[in-house]
Amino acid sequence: MNLQRPDADFYHRDCLIVAPELIGKILVHRLPDGTELRERITQTEAYRGEEDKACHASRGRTKRSEMLYHESGTIYVYLCYGIHWMMNIITGEPEQPQGVLIRAGEIHPSPARLTKYLQIDKTYNGQNILQNPDLWIEDDGIVCNWHTEKRVGIDYAGDEWKNKYWRWVMD
DNA sequence: TTAGTGATATCC
DNA sequence: GATATCACTAAA
């Protein structure tokens with residue numbers, strides 16, 4: 001098997017390019033006891049810039065949205081509804097807030113269940129996925145077909161932004 | 001359909 | 001300091 005890991009150039013592109021390319025890749029988390037949890041990504045969503053009303057950076061740079069402005073490969077994890085951890089990977093240029101939400105995996109088809117299984121929480125917020133020895137993306141060469149849909153759970157963002165087909169789903 | 005849950009942003 | 005909001009899930 002020919003395993004590769006996406007490098008800095010992979011993430012250093014627009015989120016609209018990176019999001020579909022993450023489909024089919026495998027997210028791996030190695031626990032302190034050596035156990036490796038892995039899950040193939042089946043769904044992603046792009047959040048792009050301060051003008052994207054659905055993006056956490058739409059209200060400017062805050063303590064929470066800070067990570068969106070960091071260099072590509074930075075991991076952005078935040079707590080939603082008091083219970084659920086959401087994991088994003090930052091893409092594109094620094095200072096241009098954008099990222100890709102890991103929305104679902106093969107076994108755990110929702111963002112919160114995925115992070116729960118992989119045991120990803122705020123301790124990873126702000127770390128770089130290219131530099132953390134215990135968390136990485138693997139490419140086993142499988143190419144998947146996908147289609148796009150509207151993003152979910154962002155009714156507050158207004159018609160222009162909530163109707164964008166910025167969600168990628170594996171077929 | 002609705003409760004659960006708590007950090008964050010925004011308003012006094 | 002107080003309140004409203006929220007990129008969700010599970011149970012009913």
Side-chain angles (χ1 to χ4, degrees), chain A residues 10-11 13-27 29 37 39-129 132 135 137 144 146-171:
Chain A
F10 178 89
Y11 300 106
R13 296 177 295 166
D14 196 280
C15 58
L16 300 177
I17 305 290
V18 177
E21 293 203 13
L22 279 172
I23 301 289
K25 302 250 184 314
I26 301 167
L27 184 57
H29 184 200
L37 301 172
E39 180 144 357
R40 191 179 302 276
I41 297 168
T42 60
Q43 237 184 88
T44 58
E45 271 180 11
Y47 290 88
R48 187 169 185 269
E50 292 183 348
E51 76 260 16
D52 177 3
K53 290 285 181 285
C55 181
H56 285 165
S58 65
R59 277 171 289 194
R61 197 164 183 149
T62 66
K63 192 177 174 189
R64 182 173 69 164
S65 66
E66 173 69 23
M67 294 314 162
L68 287 163
Y69 293 80
H70 285 214
E71 66 173 352
S72 56
T74 299
I75 301 166
Y76 169 38
V77 182
Y78 77 97
L79 188 65
C80 184
Y81 297 103
I83 312 175
H84 309 296
W85 295 106
M86 301 287 142
M87 174 180 170
N88 302 249
I89 301 176
I90 304 309
T91 61
E93 297 287 332
E95 304 304 315
Q96 293 180 13
Q98 54 165 256
V100 176
L101 169 69
I102 309 299
R103 178 163 263 290
E106 207 163 31
I107 315 168
H108 301 92
S110 85
R113 287 174 61 194
L114 183 68
T115 52
K116 185 179 176 189
Y117 165 70
L118 290 172
Q119 301 182 34
I120 289 168
D121 60 21
K122 68 171 185 292
T123 62
Y124 285 93
N125 190 35
Q127 299 200 27
N128 193 298
I129 200 161
N132 188 296
L135 184 65
I137 298 276
C144 300
W146 46 257
H147 64 277
T148 56
E149 296 182 13
K150 292 178 185 179
R151 294 181 289 181
V152 182
I154 53 164
D155 284 347
Y156 62 88
D159 288 343
E160 178 185 356
W161 296 101
K162 86 178 183 196
N163 289 330
K164 289 199 180 296
Y165 285 78
W166 282 0
R167 174 174 170 223
W168 284 261
V169 182
M170 188 190 289
D171 288 325

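In the text below, chain A, chain B and the rest are named by the order of the sequence lines, each starting its count at 1. Note that the structure is predicted; figures quoted are calculated from it, not measured.
Enclosure of atom NZ in A:K162 by more than 12 non-hydrogen atoms of other residues, nucleotides or ligands within 6.0 angstrom is indicated.
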> Should A:E45 and A:K164 be marked as a salt bridge (charged side-chain N to carboxylate O under 4.0 Å, His left out) after you check the CA-CA gap, both sets of side-chain angles, and the distance that decides it?
Replying inline: CA-CA 10 Å; A:E45 271 180 11; A:K164 289 199 180 296; over 6 Å; no

> Does the pair A:H147 and A:Y165 meet the rule for a ring-ring contact (aromatic ring centres under 6.0 Å, His included), with working shown?
Replying inline: CA-CA 9 Å; A:H147 64 277; A:Y165 285 78; 9.9 Å; no

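Atom CG in A:L37 sits 9.5 Å away from atom NE2 in A:H108 (nearest 0.5 Å).
The interatomic distance linking A:D121 (CG) with B:dT5 (C1') rounds to 16 Å, in whole Å. For the pair A:W168 CH2 and C:dA7 P, the computed distance is 18 Å after rounding to whole Å. Counting to the nearest Å, the C1' atom of C:dA7 and the CD atom of A:E149 are 15 Å from each other. In this structure, A:L68 places its CG atom 14 Å from P of B:dT8, rounding to the nearest Å. In this structure, A:N163 atom CG and C:dA7 atom P are separated by 17 Å, rounded to whole Å. Whole-Å rounding puts the A:H108 NE2 to C:dC8 C1' distance at 16 Å. Between the NZ atom of A:K63 and the P atom of B:dG6 there is a distance of 17 Å, given to the nearest Å. In this structure, CZ of A:R64 is placed 10 Å from P of C:dC6, rounded to the nearest angstrom.
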Acceptor/donor pairs from residues 49-57 of chain A side chains to any protein atom, 3.5 angstrom cut, sequence neighbours excluded:
| residue | atom | partner | partner atom | Å |
| --- | --- | --- | --- | --- |
| A:E50 | OE2 | A:Y69 | OH | 2.5 |
| A:D52 | OD1 | A:A54 | N | 3.0 |
| A:D52 | OD1 | A:R151 | NH2 | 3.1 |
| A:D52 | OD2 | A:R48 | N | 3.0 |
| A:D52 | OD2 | A:R151 | NH1 | 2.8 |
| A:H56 | ND1 | A:Y76 | OH | 2.7 |

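In DNA chain C, stems built from 3 or more consecutive Watson-Crick or G-U wobble pairs, each with both distances under 3.5 Å, span B:1-4 with C:8-11, B:6-11 with C:1-6.
Among the nucleotides C:dC8, B:dG6, C:dA7, the one closest to the side chain of A:Y156 is C:dA7. For A:L79, whose side chain is taken as the heavy atoms from C-beta onward, the closest listed nucleotide among B:dG6, C:dC8, B:dA9 is B:dG6. Distance from the side chain of A:Y47 is smallest for C:dA7 among the nucleotides B:dA9, C:dA7, C:dC8. Nearest to the side chain of A:H56, among B:dA7, C:dA7, B:dA9, sits C:dA7.
Close to C:dC8, at under 4.0 Å from its OP1 or OP2, lies a side-chain N or O of A:R103. For the OP1/OP2 pair of C:dA10 and a distance below 4.0 Å, the side-chain nitrogens and oxygens of A:R113 include at least one atom meeting the criterion.
Figure legend: A:R13 and A:F10 shown as a cation-pi pair, the cationic atom lying under 6.0 angstrom from the six-membered ring centre and within 45 degrees of its axis.
Judged by centroid separation below 5.5 Å and plane tilt below 30°, A:Y78 does not stack onto the base of B:dA7.
Of all non-hydrogen atoms in A:R59 and A:T62, the two that sit nearest each other are O-CG2, 4.3 Å.
Counting any heavy atom pair closer than 4.0 Å across all strands shown, A:A54 reaches a base atom. Residue A:I154 is classed as a sugar-phosphate contact, given heavy-atom separations below 4.0 Å to backbone atoms only.
Contact check on A:E39 versus A:K25 returns no salt bridge, with no Lys/Arg side-chain nitrogen under 4.0 Å from an Asp/Glu carboxylate oxygen.
For A:T42 and A:E106, the side-chain atoms include no donor-acceptor pair closer than 3.5 Å.
The side-chain heavy atoms of A:L27 and A:L118, taken from C-beta on, include a pair separated by under 4.5 Å.
For the contact set between residues 81-100 of chain A and DNA chain B, defined by any heavy atom under 4.0 Å, the members are A:Y81, A:G82, A:I83, A:H84.
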